[in-house]
Amino acid sequence: MLRGAQKDKQLVTPEWEVLRAPIEGVHIREVRHVPRDHGIITEVFRPEWDPTGLPIAQIYQSRLFPGAIGAWSCHAKNIDRLFINQGLIKVVLYDGRDDSPTHGMINEIHVGDARPAMLVLPIGIWHGLQNLGTIDALVLNFPTRPYDYQDPDHYRLPMDTDEIPYTWSSHGSAVRLRADAKRKLPAPSRKKPRRKS
């Protein structure tokens, strides 16, 4: 073996269940497709998948273009229940709750076509999404409260904030940001360009 090589750690069980240590209160329910002679059936939501027991107040869909990053957002009153089954999305979670046993913990979860999943995100969990695929990715949200147009329960930080210890990568594709996202750009160089000889 070459010096510096590192042995892989176990990633999945023998039943191909992904091993992960989720942030306190985050619930991940992977869903299996049911192939049929006429196509594929995929369950999107069942009450027992959500331990909160709270009603669905609204359902909306978000579309992420290839390479798009939507980060960071958080709620003070609302619990998000995200279902992802089109595209390949990296979901990154950060526990910003001071009183949580997993305060400061990061979870990185890959979901989409191949492994659809429902994610239940408690209040105070910062989350961001990145479409790693080459097609539009779709996310359904089943929040516990309807969107309040006059007083949105939506808090945002820029994708490269110093408050969250995570760096997004472009994976070789152009990074697209929401129009309201702010990204820090390096200061312009004061050096004069070299003349070519």
Salt bridge between E163 and R156, side-chain N to carboxylate O under 4.0 Å? no

Establish whether F83 and L64 are linked, either directly or via other cluster members, by ILVMFWY side-chain heavy-atom contacts under 4.5 Å. no

Verify the cluster assignment for F142 and V26: are they in a single hydrophobic cluster under the rule of side-chain heavy atoms below 4.5 Å apart? no

For the atom pair NE2 (H127) and CH2 (W72), what is the distance rounded to the nearest 0.5 Å? 10.0 Å

R46 versus M118: any side-chain heavy-atom pair under 4.5 Å? no

In this structure, CG of D148 is separated from CG of D153 (nearest 0.5 Å) by 8.5 Å

Result for side chain to side chain contact (heavy atoms under 4.5 Å, CB included) between T144 and one of D80, V120, N78, I56 points to N78

Is it the case that the side chain of Q86 and the backbone of D136 share a donor-acceptor pair, with hydrogens and angles ignored and the cut-off at 3.5 Å? yes

Would a hydrophobic clustering, with Ile, Leu, Val, Met, Phe, Trp and Tyr connected at side-chain separations under 4.5 Å, put W49 with V44? yes

With rounding to the nearest 0.5 Å, note down the distance linking CG in D95 to CG in L121. 11.0 Å

If we only count heavy atoms from C-beta on, is the P143 to Y60 side-chain gap below 4.5 Å? yes

Just by modelled atom types, is the L88 backbone N or O under 3.5 Å from a matching donor or acceptor in the D113 side chain? no

Keeping E43 on the side-chain end and F45 on the backbone end, is there a donor-acceptor pair under 3.5 Å? no

Determine whether a donor-acceptor pair (N or O, by modelled atom type, separation under 3.5 Å) exists between the side chain of Q130 and the backbone of S169. yes

Separation between OH (Y166) and CE (M159), nearest 0.5 Å, reads 9.5 Å

With the 4.5 Å side-chain cut-off for hydrophobic clustering, are L129 and W168 part of the same group? no

Is it the case that one hydrophobic cluster holds both I106 and L93, taking links as side-chain heavy atoms less than 4.5 Å apart, direct or via other members? no

Measure the spacing between OG of S100 and CD1 of I125 and express it to the nearest 0.5 Å. 6.5 Å

With a 3.5 Å distance limit and no angle check, can you tell me whether Q58 reaches the backbone of Y147 through a side-chain donor-acceptor pair? yes

Using a strict cut-off of less than 4.0 Å between a Lys/Arg side-chain nitrogen and an Asp/Glu carboxylate oxygen, indicate whether R97 and D99 qualify as a salt bridge. no

Is a side-chain N or O of R20 found less than 3.5 angstrom from the main chain of I109, in a donor-acceptor match? no

For the CG atom of D160 and the OG1 atom of T167, what is their distance to the nearest 0.5 Å? 8.5 Å

